[in-house]
Amino acid sequence: MTTEIAEPISPEQRALEDELVATVVASFDHTPDPRLKELMQSLTRHLHAFIRDVRLTEAEWNTAIEFLTAAGHITDARRQEFVLLSDVLGVSMQTIAVNNRAYKGATDATVFGPFFLDDAPEIPLGGDIAGGASGQPCWVEGTVTDTDGKPVAGARIEVWECDEDGFYDVQYGDERVAGRAHLFADDNGRYRFWGLTPVPYPIPHDGPVGTMLEATGRSPVRASHLHFMVAAGGLRTLVTHIFVDGDPQIEIGDSVFGVKDSLITEFAPQVPGTPTPDGRDLGDRSWARARFDIVLAPDGV
Ligand code: BEZ
Ligand code: FE
């Protein structure tokens, strides 16, 4: 193997490139909105720095344009390839990190994902979110409190997950609503419901993002998880998941970098015949149980 030594950049060439960056940055000087001005000027500096750092070839520039064009073509009301791209580049998680600062033990946020629906059915406390989705039943319970430990009565809890084959209801292309629901915490901030023990599944990888993952030797698989979105007046809305302790995919790596240690949760396996918390008869089926206590930060911190 021969190692190519990059030609050094001459001072004249460097000056030419510097001048172009300065000219493009200055083109935004009169942007009326100061935030837009900051965003565009910083984006320009970073993009140019990248091009100069890797000495981008014109063929590579073309490939990038083709990639973005393909991402646009595959995107529609159900499929958002640009968000997926942001997810696999860690851009979504970095944005979440910047906007959900750690605050006095508040539960960590993680990536939203493309499979939330805002009209999921309401279930009572102790109800079942499966709606016919296949999988091992799993009892999930916990509390919602603020960072002073005060229960958040009536917090709205949205939960959604894939079935045991790794598909969300919306991926079947029919009208089914399964593996999702919302419920409200009781007066003591407590909640409980039946869900499904999460399994690992791949993010949609039949488009340009999947091609990029393959070309770079990366797996599209996400660590097993159950999504939550928890909202209550005066408190920061939390978008998060719980991950299954012991899932090998956590070590292998989550394709969208969503795992945080604080969100890894024991899903304790229960052998068939173990009495259920609400007396539900599961016959000869095994089940699991998990506890997730949710702490919401104040709004605006
Ligand atoms: C998900 O967890 O559902 C998900 C997150 C990011 C990209 C694709 C799927
Ligand atoms: Fe998911």
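When a ligand or atom number is given, it counts from 1 through the structure's own listing order. Values reported hereafter were calculated over all heavy atoms of this structure, with side chains retained and with hydrogens, waters and symmetry mates removed.
Note on ring orientation: taking the six-membered ring where Trp is involved, the planes of Phe112 and Phe116 are tilted (angle from 30° to 60°). Note: His182 and Phe184 have perpendicular aromatic rings, judged against thresholds of 30 and 60 degrees for the angle between ring planes. Ring planes of Tyr168 and Tyr201: perpendicular class, angle over 60° (limits at 30 and 60°).
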Can you pull every nitrogen or oxygen pair between ligand 1 and the protein closer than 3.5 angstrom?
| residue | atom | partner | partner atom | Å |
| --- | --- | --- | --- | --- |
| ligand 1 | 2 (O) | Tyr201 | OH | 2.7 |
| ligand 1 | 2 (O) | Arg222 | NH1 | 2.6 |
| ligand 1 | 2 (O) | His225 | NE2 | 3.0 |
| ligand 1 | 2 (O) | His227 | NE2 | 3.0 |
| ligand 1 | 3 (O) | Tyr168 | OH | 3.4 |
| ligand 1 | 3 (O) | Tyr201 | OH | 2.6 |
| ligand 1 | 3 (O) | His227 | NE2 | 3.3 |

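Residues Ser10 and Gln13 have side chains that never bring a donor and an acceptor to within less than 3.5 angstrom of each other.
Atoms of the protein (N, O or S only) found under 2.8 Å from the Fe ion (ligand 2) are Tyr168 OH, Tyr201 OH, His225 NE2, His227 NE2.
For the pair Arg52 and Asp18, the salt-bridge criterion is met [side-chain N within less than 4.0 Å of a carboxylate O].
Residues satisfying the side-chain hydrogen bond (donor to acceptor under 3.5 Å, both in side chains) test with Arg289, not counting sequence neighbours, are Glu141.
Counting only residues at least two apart or on different chains, the salt bridge (charged side-chain N to carboxylate O under 4.0 Å, His left out) pairs with a member in residues 272-285 are Asp128-Arg280.
Note on Val271 and Leu282: separate hydrophobic clusters, where clusters join Ile, Leu, Val, Met, Phe, Trp and Tyr whose side-chain heavy atoms are under 4.5 Å apart, directly or indirectly.
Exactly one of Val144, Asp146, Thr107 qualifies for a side-chain contact (heavy atoms from CB on, under 4.5 Å) with Leu296. That residue is Val144.
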